[in-house]
4 protein chains.
Amino acid sequence: MNKTKPKYKQIIDAAVVVISDNGYHQAQVSKIAKQAGVADGTIYLYFKNKEDILISMFREKMAVFSESVQPLIEKETKAANKLLKLIQNHFSILAQDPNLAIVTQLELRQSNKEIRLLINEVLKEYLKLVDTILKDGMETGEFAQDLDVRLARQMIFGTIDETVTTWVMNEQKYDLEELAPKVHQLLLKACQS
Amino acid sequence: MNKTKPKYKQIIDAAVVVISDNGYHQAQVSKIAKQAGVADGTIYLYFKNKEDILISMFREKMAVFSESVQPLIEKETKAANKLLKLIQNHFSILAQDPNLAIVTQLELRQSNKEIRLLINEVLKEYLKLVDTILKDGMETGEFAQDLDVRLARQMIFGTIDETVTTWVMNEQKYDLEELAPKVHQLLLKACQS
Amino acid sequence: MNKTKPKYKQIIDAAVVVISDNGYHQAQVSKIAKQAGVADGTIYLYFKNKEDILISMFREKMAVFSESVQPLIEKETKAANKLLKLIQNHFSILAQDPNLAIVTQLELRQSNKEIRLLINEVLKEYLKLVDTILKDGMETGEFAQDLDVRLARQMIFGTIDETVTTWVMNEQKYDLEELAPKVHQLLLKACQS
Amino acid sequence: MNKTKPKYKQIIDAAVVVISDNGYHQAQVSKIAKQAGVADGTIYLYFKNKEDILISMFREKMAVFSESVQPLIEKETKAANKLLKLIQNHFSILAQDPNLAIVTQLELRQSNKEIRLLINEVLKEYLKLVDTILKDGMETGEFAQDLDVRLARQMIFGTIDETVTTWVMNEQKYDLEELAPKVHQLLLKACQS
DNA sequence: TATGAATGAGCATTCATTCAT
DNA sequence: GATGAATGAATGCTCATTCAT
C-alpha cells in the first residue's frame with residue numbers, strides 16, 4: 001500500500017492485481033479494497049460502482065498505450081517504422097506487466113456487454129492512431145493506394161491482439177517482445193503496394 | 001421443438017437461441033430447458049453441467065466450420081485459393097446464422113477462463129487447417145520460405161475474428177461475405193514471398 | 001412447521017411471528033425462511049420479493065376482518081348493532097392474536113410509503129363496510145340525516161385504531177374486548193340524530 | 001441559512017424539509033447537514049445521534065401545538081368551545097405547514113418502535129390538555145357523567161389524527177380547516193350527556 | 001427416462017458515526 | 001467549535017443443481 005499515491009490510483013492498481021490473481025468473477029469489491037488498503041466504503045468515494053472501477057482501470061491503462069507510443073511515432077518519418085514502434089510498444093508494455101496482460105487479454109473480456117461496449121469506446125482512441133499510420137503510409141506511397149483502411153486496421157489490431165492472447169494463454173513462457181519484428185514484417189507486407 | 005431430433009441436439013440449439021436472445025449472463029438453465037421443451041432436470045441427463053452445454057455447443061458448431069471447409073479446400077490446388085475458400089466459408093456460415101454469430105463473437109467470450117480454455121482446445125482443430133494451408137503454400141513456393149507458421153496463423157485467425165466481431169458489433173448491418181476477397185488479398189500479400 | 005399447510009400460508013404466518021418477535025427492521029428474509037422451515041430461495045417461489053410477503057400478509061389477515069364480520073353484520077337489522085358487531089369483531093381478532101396486533105399496529109407502520117399505500121388499498125374494502133353501516137343507519141333514521149359519512153368513517157376507524165394501538169403500546173395488559181361496548185356507545189352517540 | 005438562528009434550530013428545520021422532500025428513508029444525515037449548511041460532523045456536536053434529531057424535532061414542533069392552543073383554551077369557558085379551539089388550532093398549524101404535516105402524519109411513522117415510543121412520551125403532554133377539557137366538561141355538566149376519559153381522549157385524538165392523515169394522503173387537496181366544525185360536532189355529540 | 005419443487009451459498013452497496021486536523 | 005474523509009457492518013435475491021416421485 002503506497003500512501004503517497006492518490007487513493008483512486010491505489011484502488012485501480014489493486015483491481016489489476018486482484019483480478020489477475022483471482023479472475024474476473026472472483027474479484028469482489030471487498031478483495032479490491034483489502035488489496036488497496038482501504039475500507040470497502042472508501043471505494044465508493046472514488047468510484048460510482050464496481051463497473052466504474054473496471055472502466056476507469058481500462059481507461060487509465062489504455063491511456064498509457066496511446067501516450068507512450070505517440071512520441072515514438074512522431075520521431076519516425078516512415079510509416080513502416082511507425083508501425084514497428086507501435087507493435088514494439090504494445091508488446092513491451094504488456095510484457096513488462098504480466099498482471100495487466102492477464103487482465104486485458106483474458107479477464108476483462110468476461111465482463112458483460114455493457115462494460116465491453118464502454119471499453120471499446122476507450123479503445124477507439126488507440127485505433128485512430130493505427131488509422132493515422134495507415135493513411136500516412138498511403139500518402140507517402142509506402143502502402144498500397146487501394147488499401148482498405150478499416151480492414152487493414154482490423155487486421156493489424158486483430159493480429160496484435162491474437163498474438164498477445166496466445167502468449168498469455170501459453171502462460172507468457174516465451175518472449176513476446178522479440179516477436180515484434182516478425183509480426184511487423186507480416187503486417188507490412190500486407191499493407192505495402 | 002422437433003421430436004425427431006435427439007434431445008441433446010434440441011438442447012444445444014435451444015442454448016444458441018437463448019444466449020443470442022438474452023445474452024450470456026441472462027441465459028439461465030431454466031430458460032434453455034423451456035426453449036428446448038424439456039424440464040430443467042432433463043438437461044442434466046444429457047450434460048454434466050451448464051459449462052458442458054456451452055462446450056458441447058461450441059464443439060458442435062466448430063465442427064461445422066471444419067467439416068464444411070474441408071471438401072472446398074481439397075478441390076483447390078493453390079494455397080491462395082484454399083485460403084480464400086476458408087475465409088469465404090467462415091464468413092458465409094456466420095452471415096447465414098446471425099444468432100450463432102452473436103453467440104460466438106460476443107456472448108461466449110463472457111464465459112469464464114476455464115470455459116474459454118476448453119473452447120480454445122476445440123478451436124485447435126480448425127487452426128490446424130490453417131497451418132496445413134500455410135505449409136502447403138510454403139512447399140509449393142507460393143508463400144515465403146521464412147514464414148513463421150505460428151505467427152501467420154495468429155494473423156489469419158486474428159484478422160478473420162476481428163473482422164467478424166466488428167461486423168457483429170456494428171449489428172451486422174453491412175455485407176460480411178463481400179469483404180472476403182479483400183481480407184484474402186491482405187492476408188495473401190503478407191504470406192507471399 | 002406445519003407440513004399440511006400450503007407453503008405460502010406457512011411463510012405468511014412465519015412472517016407475522018418473526019416481525020412481531022424481532023421488529024420490522026430486524027425481520028430478514030432468512031429469518032422468515034427459517035421460521036417457516038423452508039430455504040431462503042423457496043420464499044421466492046411463492047412471493048415476488050420481500051415487499052410482496054408483507055402486502056400478502058396484510059391482505060390475508062385483512063380478509064379475515066372483512067369476512068368474519070360480514071355474516072355478523074347481516075344478522076343484525078339495526079345499524080347500531082351492526083356497528084357494535086364490527087367493533088367487537090375487530091377487537092376480538094386482535095385480542096386473540098397478540099402477534100398480529102403488534103404487527104398491524106406497530107411494526108407494519110414502519111414500512112415505506114409504497115407499502116403503506118398498497119396496504120391502504122387493502123384497507124379500503126374494510127372501510128367500505130363501515131360506510132355501508134353508516135348509510136344503512138341514515139336510511140332507517142337511526143343516524144343523523146346530515147351525517148358526513150366520510151368524516152364519521154374516519155372517526156370510527158380512527159377511534160378503533162387508536163384504541164387498539166394504545167392497548168398494544170401498553171403491552172396488551174388490560175382486556176381490549178371489554179372496551180367494545182363503551183367505544184360503541186361513544187361512537188353511536190356521535191352518529192345518532 | 002439563517003446565521004442568527006442557533007445551529008440546533010437550523011438543523012431541526014433542515015430535517016423537516018429534508019424528510020418532507022425525500023421521505024424518511026431517504027433523509028440521510030449528510031443531506032440534513034447540507035440543507036442546514038453545516039458539515040456532517042457538526043450535527044454530532046448538537047445531537048447525540050440521528051434518532052435524537054427526530055425526537056428533538058418532534059418535541060419542538062409538538063410544543064408549538066400545546067403552547068399555541070393553551071391561551072386559546074383559557075379564553076373559553078365552555079368545554080365545547082375549548083374542544084373546538086383545539087381542533088381548529090391543530091388543523092390550522094398543519095394546514096399552514098404542509099411539510100410538517102407530511103413529516104408528522106406519514107414520514108415519522110416509518111421510524112422504528114423505539115423512536116415512536118419516545119414520540120408518544122412527547123405526545124402525552126398534548127393529550128393531557130384533552131383530558132383537562134374532558135374533565136372540565138364533566139364537572140360543568142356539559143359532558144356525560146359516565147364518560148370514560150381515556151376512551152374519549154383516544155376517540156378525539158384518533159379522529160383528529162385520522163382526519164389529518166387522510167387529508168395528507170389525498171395530497172392536501174381539500175381545505176382541512178373547514179372540516180373542524182363538523183369534526184367538532186361529531187365528537188361533541190359523543191361526549192355530551 | 002423425465003420431472004420440477006426445493007435448495008442455499010454468495011456479494012455489491014449504503015450510510016450513521018468517528019476523529020485527526 | 002467545525003470539518004469531511006474514512007470506516008465497515010449488514011442483507012435481499014438469483015440460479016445451477018439435486019432428488020423424490
Side-chain angles (χ1 to χ4, degrees), chain A residues 6-8 10-11 22 25-34 36-54, chain B residues 6-8 10-11 22 25-34 36-54 112, chain C residues 6-8 10-11 25-34 36-54, chain D residues 6-8 10-11 22 25-34 36-54:
Chain A
K7 287 240 161 65
Y8 91 99
Q10 265 180 59
I11 294 166
N22 301 276
H25 289 294
Q26 280 306 306
Q28 294 88 348
V29 171
S30 59
K31 267 190 199 148
I32 296 174
K34 197 170 201 177
V38 299
D40 292 16
T42 306
I43 299 267
Y44 293 88
L45 297 176
Y46 297 92
F47 300 91
K48 220 168 76 251
N49 48 35
K50 187 177 178 180
E51 190 167 294
D52 191 25
I53 308 176
L54 302 176
Chain B
K7 285 238 164 66
Y8 91 98
Q10 267 179 56
I11 293 166
N22 302 276
H25 288 295
Q26 280 307 305
Q28 293 86 352
V29 172
S30 59
K31 266 191 199 147
I32 295 173
K34 196 172 201 178
V38 301
D40 293 16
T42 306
I43 298 269
Y44 292 87
L45 299 175
Y46 295 91
F47 298 92
K48 218 168 80 250
N49 48 34
K50 187 177 179 181
E51 194 167 292
D52 190 24
I53 308 175
L54 302 176
N112 60 44
Chain C
K7 287 241 161 65
Y8 91 100
Q10 266 181 58
I11 294 166
H25 290 294
Q26 279 306 305
Q28 294 87 348
V29 171
S30 60
K31 268 191 198 146
I32 296 174
K34 197 171 201 176
V38 299
D40 292 17
T42 306
I43 300 267
Y44 294 88
L45 297 177
Y46 297 92
F47 299 92
K48 222 167 74 251
N49 49 34
K50 187 178 178 180
E51 191 167 294
D52 192 26
I53 308 176
L54 303 176
Chain D
K7 285 238 165 68
Y8 91 97
Q10 267 179 56
I11 293 167
N22 302 275
H25 288 294
Q26 281 307 305
Q28 294 86 351
V29 171
S30 61
K31 266 191 198 146
I32 295 174
K34 198 172 199 178
V38 300
D40 293 16
T42 306
I43 299 269
Y44 292 87
L45 298 175
Y46 295 92
F47 299 91
K48 217 168 79 250
N49 50 33
K50 187 179 179 179
E51 195 167 291
D52 191 25
I53 308 176
L54 302 176

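Below, chains carry the letters A, B, ... as their sequence lines are ordered, and counting in each starts from 1.
- Distance noted for atom P between dT1(E) and dT21(F): 22 Å (whole Å).
- Atom NZ of K7(B) and atom C1' of dT3(E) are 11 Å apart (whole Å).
- Here the P atom of nucleotide dT3(E) and the CD1 atom of I43(B) are 10 Å apart, to the nearest Å.
- Comparing dA2(E), dA6(E), dA2(F) by their nearest atom to the side chain of Y46(B) picks out dA2(E).
- Nearest heavy-atom pair, I11(D) versus F47(D), reported as atom, atom and distance to 0.1 Å: CG2-CE1, 3.5 Å.
- The two residues Q28(D) and Q26(D) come nearest to each other via the heavy atoms OE1-O, 2.6 Å.
- Per the geometry, CD1 belonging to I32(A) stands 18 Å off P belonging to dG8(F), to the nearest Å.
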So what's the dot-bracket for DNA chain E: Watson-Crick or G-U pairs under 3.5 Å, [ ] if a pair crosses, | if it pairs off-strand?
-> .||||||||||||||||||||
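- Taking CD1 of I53(C) as the start and CD1 of I32(C) as the end, the distance is 4.5 Å to the nearest 0.5 Å.
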When you check every protein heavy atom under 4.0 Å of nucleotides 11-21 of chain F, what one-letter string (B, S, -) results, 5' to 3'?
-> SSBBSSBB---
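- Contact detail for S30(A) and D40(A): the closest heavy-atom pair is CB-OD2, 3.4 Å.
- Protein atom NZ of K34(A) is 13 Å distant from nucleotide atom C1' of dG8(F), rounded to whole Å.
- Note: H25(D) and H25(C) have perpendicular aromatic rings, judged against thresholds of 30 and 60 degrees for the angle between ring planes.
- Note on residues 41-52 of chain C: pairs passing side-chain hydrogen bond (donor to acceptor under 3.5 Å, both in side chains), not counting sequence neighbours, are D52(C)-S56(C).
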